[in-house]
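Data first, discussion second: the structure below is written as C-alpha cells.
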Protein chains: 2
Amino acid sequence: MATGRTHRPATRSRGIPEATVARLPLYLRALTALSERSVPTVSSEELAAAAGVNSAKLRKDFSYLGSYGTRGVGYDVEYLVYQISRELGLTQDWPVVIVGIGNLGAALANYGGFASRGFRVAALIDADPSMAGKPVAGLRVKHTDELEAIIEDNGVSIGVIATPAGAAQQVCDRLVAAGVTSILNFAPTVLSVPDGVDVRKVDLSIELQILAFHEQRKAGEEALAAPARPAPAVRGGTAGGKGPDGDVPAVMPA
Amino acid sequence: MATGRTHRPATRSRGIPEATVARLPLYLRALTALSERSVPTVSSEELAAAAGVNSAKLRKDFSYLGSYGTRGVGYDVEYLVYQISRELGLTQDWPVVIVGIGNLGAALANYGGFASRGFRVAALIDADPSMAGKPVAGLRVKHTDELEAIIEDNGVSIGVIATPAGAAQQVCDRLVAAGVTSILNFAPTVLSVPDGVDVRKVDLSIELQILAFHEQRKAGEEALAAPARPAPAVRGGTAGGKGPDGDVPAVMPA
DNA sequence: TCATGTGAACATGTTCACAGCA
DNA sequence: TGCTGTGAACATGTTCACATGA
C-alpha cells in the first residue's frame, strides 16, 4: 500500500522486495510451529507447503536475506526464526495504541496474537467520555484527550485505527502529529498522510467485493457445464422480467 | 491471494487484471460518496485523488471495463457506479455465513458496511452450544451442527471464518464440502482448499509485522540524521545485561 | 481545448531449470 | 546424491506521454 519512501531503485543489495517482506510473517509463523514441535531442520519444499507458497518462491525470498540454508539438507529452524524475526524488527518491542474501542477495537484488543510477537498494547483510546476508565482486555480505556501524551510517554510509533469512517482521518492526523509513523487502518476510508508515514488497510467490505467478483465469474463458467447448485438469486427475484435493481441506477448517458 | 483458477493467460479481452479488481471497490466507494452529494461527473484526476491512487492507473483500470468516460469531460458518476457494481457482481444478492462468533465474529456481524452492498448475513454459526440461540446483531446464533443445512437452504457461496486458528481448517473443509466456494479467513492459519475455491485472508499480526519492518528501516535511516524521537526500546530494556528474549532464541548454528 | 484511452517503456514479481556445494 | 541458491525467461503491474475525439 502507501509506501511513503522515495522508492529508490534498490540502491544496494539491501533492498528486500515488498512482496517478500509480506511473506516473511507467513514463514515465521510456520517456522515457529515447527520450533514448538522441536523440529530441527526443514527443506524449502516442506516449509513452503506449511506456508502455502511454492518452494521456488520461498528459496528466492530467503536468498534476499542471505544464504541461511545448507545444500542437500535444508534450513535450521531456530536459526531461521531468529533471522526472520530480526529482519522484521521483532527483536524490538513495539508499543501500539488502538484508537476506537467499539466492537472491533475491543476484539482487536482481546486478540492474543497481538502481544505474542514483539507488539504490546500500550493503550486503548476512545472519544466517548463514558468509555473512559472502563476495562477492556485488562486495560482501562483512555479518553482521546490523552492521545498525544500517551504516544509521547510510551514512544509509540504504530497506531491502529478502529474508529468509524468519519473520525478516521482526524484521528490519523493527530496520531501523525504526535509522532506515529505507521498506521493500520480498519476504517473504510482512504487516509492521507505525509511522506514517511506508512499506512496499511484492512477492509472487510473490499475483501468481500473481490470475492464476489470471482464468484460471479465462476457462476458464468458454470453455465457452460451443468447448473449444479442453485445460483444466488439475482436481486429482486428470479421471475421479474424488468429491471430488478432498486439499488443500482439504470442511468445510461451519452 | 489464492486464485483457484487455472490462470489462463487472458484468453480474450475479458480478463480484468487482479490488481485492477482489487481497486474497483475503492473506486466504487469514492463514486458512491460523490453520488450521495449529487455530483454528476468526475475527472480521472479528481476521482483518483478521492480513491488514493494516481490518475493514470485509474484510467488504465477503467479502460479494462470499457470506454465509459467522455473525452474532455470525465466520467458520469451514476453510470460508473452502475458499471462497477455490475462488474463486481454487486447487483446480485450474496448471502454470507460467519463462523465463529467470538469477539471478532460478533464485531464483523455488527459491521454495518456488510449489508449495504449486496451482502447479507444469512447466519451466524458457533461451535459452542451455550452460544446457540443467543442474539448477536439481530440474529440468533446457530450451532455448527446446522452448518450444512444453512448453506444449502440459503444458497450460500461465501463464508467468513472467525474461529480460533485450531478450528479454521476443519470449518473450512465443512464449508467447502457444503458448497461454499469463496472464503474470507480471519484466523491466523494457512487454509488449504481444492481448486476452484478462492481464499482471501485478513491477518492483523501479519500487517503489524510488515509495518514493523518498515519502522525498523526508518529508525535506521534516522541514525544518519539526528536521533529525533526516542527509538523504541530494545526488548528487555536498555539496562539488562543478559539474554532478554523468552521468545526469540539466540541460537546461532553452523 | 481538454481529459480520456492506450501503446510502449519501465518496474516488480514469479517461475523455470540447473549450476554448485555440503 | 539431494537440496539450496540464482541467473534468465516469463508474467504481471505501473507509469509515461501523446494521439484521439468529444
Side-chain angles (χ1 to χ4, degrees), chain A residues 1-3 5-11 13-24 26-27 31 39-77 79-80 83 210 253-254, chain B residues 1-3 5-11 13-24 26-27 31 39-77 79-80 83 210 253-254:
Chain A
M1 243 99 282
T3 305
R5 268 176 311 151
T6 339
H7 241 304
R8 79 201 103 184
T11 318
S13 65
R14 270 285 77 188
I16 298 179
E18 193 56 37
T20 296
V21 172
R23 281 187 295 267
L24 291 181
L26 236 54
Y27 302 142
L31 285 164
V39 176
T41 57
V42 259
S43 66
S44 64
E45 203 72 54
E46 293 165 325
L47 185 53
V53 304
N54 72 50
S55 62
K57 198 185 285 186
L58 178 142
R59 287 201 304 278
K60 176 125 307 203
D61 283 342
F62 285 179
S63 79
Y64 294 117
L65 308 183
S67 285
Y68 293 154
T70 308
R71 287 163 202 247
V73 179
Y75 300 92
D76 181 284
V77 172
Y79 185 54
L80 251 193
Q83 290 298 345
I210 295 170
Chain B
M1 241 99 285
T3 305
R5 268 175 311 151
T6 341
H7 242 302
R8 81 202 104 188
T11 318
S13 66
R14 270 285 76 188
I16 297 179
E18 192 56 35
T20 296
V21 172
R23 281 188 294 266
L24 291 181
L26 236 55
Y27 302 142
L31 285 164
V39 176
T41 57
V42 260
S43 66
S44 63
E45 203 72 53
E46 294 165 324
L47 185 53
V53 303
N54 72 51
S55 61
K57 198 184 285 185
L58 178 142
R59 287 202 302 277
K60 174 122 309 194
D61 283 342
F62 285 179
S63 79
Y64 295 116
L65 308 182
S67 286
Y68 293 154
T70 308
R71 288 166 201 245
V73 179
Y75 301 92
D76 182 284
V77 172
Y79 186 54
L80 251 193
Q83 290 298 344
I210 295 170

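First the proteins, then the strands, lettered A, B, ... as listed; each starts at 1.
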Whole-Å distance separating the CG atom of B/L65 from the C1' atom of C/dT4: 14 Å
Atom CD of B/Q83 and atom CG of B/D76: how far apart are they, to the nearest 0.5 Å? 10.5 Å
On a heavy-atom basis, which atom in A/I16 and which in A/V21 lie closest, and how many Å separate them? CG2-CG2, 3.8 Å
Nearest-Å distance, CG (A/L24) to C1' (C/dG13)? 15 Å
Minimal heavy-atom distance between B/R23 and B/D61, with the atoms involved, is NE-OD2, 2.7 Å
Indicate yes or no: at least one non-hydrogen side-chain atom of B/F62 is less than 4.5 angstrom from one of B/Y68. no
Measure the distance from CZ on A/R23 to C1' on C/dT15 and round it to the nearest whole Å. 12 Å
Would one find a side-chain N or O of B/Y75 under 4.0 angstrom from OP1 or OP2 of C/dG5? yes
Of B/G66 and A/R71, the one whose closest nucleotide on DNA chain C sits nearer the 5' end is B/G66
Can you find a pair of side-chain heavy atoms, one from B/L65 and one from B/L24, that are under 4.5 Å apart? yes
Quick one: label A/G72 by what it contacts on the DNA or RNA (base, sugar-phosphate, nothing), any heavy atom closer than 4.0 Å. base
Would you jot down, in residue-number order, the residues of residues 47-60 of chain A having a non-hydrogen atom under 4.0 Å from DNA chain D? A/R59, A/K60
d(CZ, B/F62; P, C/dT4) in whole Å: 10 Å
According to a strict under-4.0 Å criterion, is B/T70 in side-chain N/O contact with OP1 or OP2 of D/dA22? no
Can you see which heavy atom on A/G69 is nearest to which on A/Y75, and at what distance? CA-CD2, 3.4 Å
Figure out the CG/C1' separation between A/D61 and C/dT12, and round it to whole Å. 13 Å
